[in-house]
Amino acid sequence: MEQYSKQYYSISEVAEIFKVKTSKLRYWETQFPHLIPKRRSSGIRKYTPEDIQKIKVLIQLIDEKGLTIEGAKQAINHRGESKNINTPLINQLTEIRQFLQGLREDLGE
């Protein structure tokens with residue numbers, strides 16, 4: 001396990017570590033029940049080094065291996081292997097959806 005020097009990290013710090021948007025991290029919180037960062041009374045997320053390790057696994061499964069959210073859930077639950085032969089097509093469509101959602105967010109701001 002990699003060492004992280006701080007006890008808690010903000011969502012923007014974690015996003016910077018993994019070079020992802022904060023919206024992706026917030027979305028993953030809704031999809032993966034094991035990823036629930038602590039929150040201050042003001043609602044600000046505080047990620048622990050353990051949370052960062054969980055995100056690292058998600059990055060490996062989704063961004064590097066190309067699994068979908070559902071595929072990553074299966075991999076986490078079944079220790080690694082996704083059996084869906086449509087995974088490449090599903091991943092491509094998921095990437096398109098994420099791109100369009102990001103574009104919509106950028107236009108809305």
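It should be emphasised that the depicted structure is a prediction, and the values quoted were computed from it without experimental measurement.
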- CD1 on Ile69 to CZ on Phe32, rounded to 0.5 Å: 4.5 Å
- Task: Mind checking salt bridge (Lys or Arg N to Asp or Glu O under 4.0 Å) for Lys24 and listing every partner two or more places apart, or none if nothing turns up?
- Result: Asp63
- Message: Given Tyr8, which partner from the list Arg40, Glu13, Lys38 fulfils the side-chain contact (heavy atoms from CB on, under 4.5 Å) test?
- Response: Lys38
- Task: List the steps and the verdict of side-chain hydrogen bond (donor to acceptor under 3.5 Å, both in side chains) for Glu50 and Thr48.
- Result: CA-CA 5 Å; Glu50 292 79 22; Thr48 63; 3.2 Å; yes
- Task: Can you measure from CD1 (Ile59) to CD1 (Ile52) and round to the nearest 0.5 angstrom?
- Result: 11.5 Å
- Message: So Ile62 and Thr94, do their side chains get closer than 4.5 Å, heavy atoms only?
- Response: no
- Message: Less than 4.5 Å apart, side chain to side chain, heavy atoms only: is that true for Leu58 and Ile76?
- Response: yes
- Specify the closest pair of heavy atoms between Thr22 and Ser12, including all atoms of both residues, with the distance to one decimal. CG2-CA, 4.1 Å
- Message: Restricting to non-hydrogen atoms, name the atom on Leu67 and the atom on Ala72 that form the minimum distance, rounded to 0.1 Å.
- Response: CB-N, 4.0 Å
- By side-chain contact (heavy atoms from CB on, under 4.5 Å), Glu16 pairs with (sequence neighbours left out) Lys19
- Message: Please tell me whether Ile36 and Ile44 are part of a single hydrophobic cluster in this structure, the criterion being side-chain heavy atoms less than 4.5 Å apart.
- Response: no
- Task: Sequence neighbours left out, what passes salt bridge (Lys or Arg N to Asp or Glu O under 4.0 Å) with Lys46? Give chain and number order.
- Result: none
- What distance do Arg97 atom CZ and Thr68 atom OG1 have between them, rounded to the nearest 0.5 Å? 9.0 Å
- Message: As a quick check of understanding, evaluate salt bridge (Lys or Arg N to Asp or Glu O under 4.0 Å) for Arg45 and Glu29, giving each step before the final call.
- Response: CA-CA 11 Å; Arg45 293 166 174 84; Glu29 287 176 33; 2.7 Å; yes
- For the residue pair Tyr47 and Leu25, establish whether any side-chain heavy-atom pair is separated by less than 4.5 Å. yes
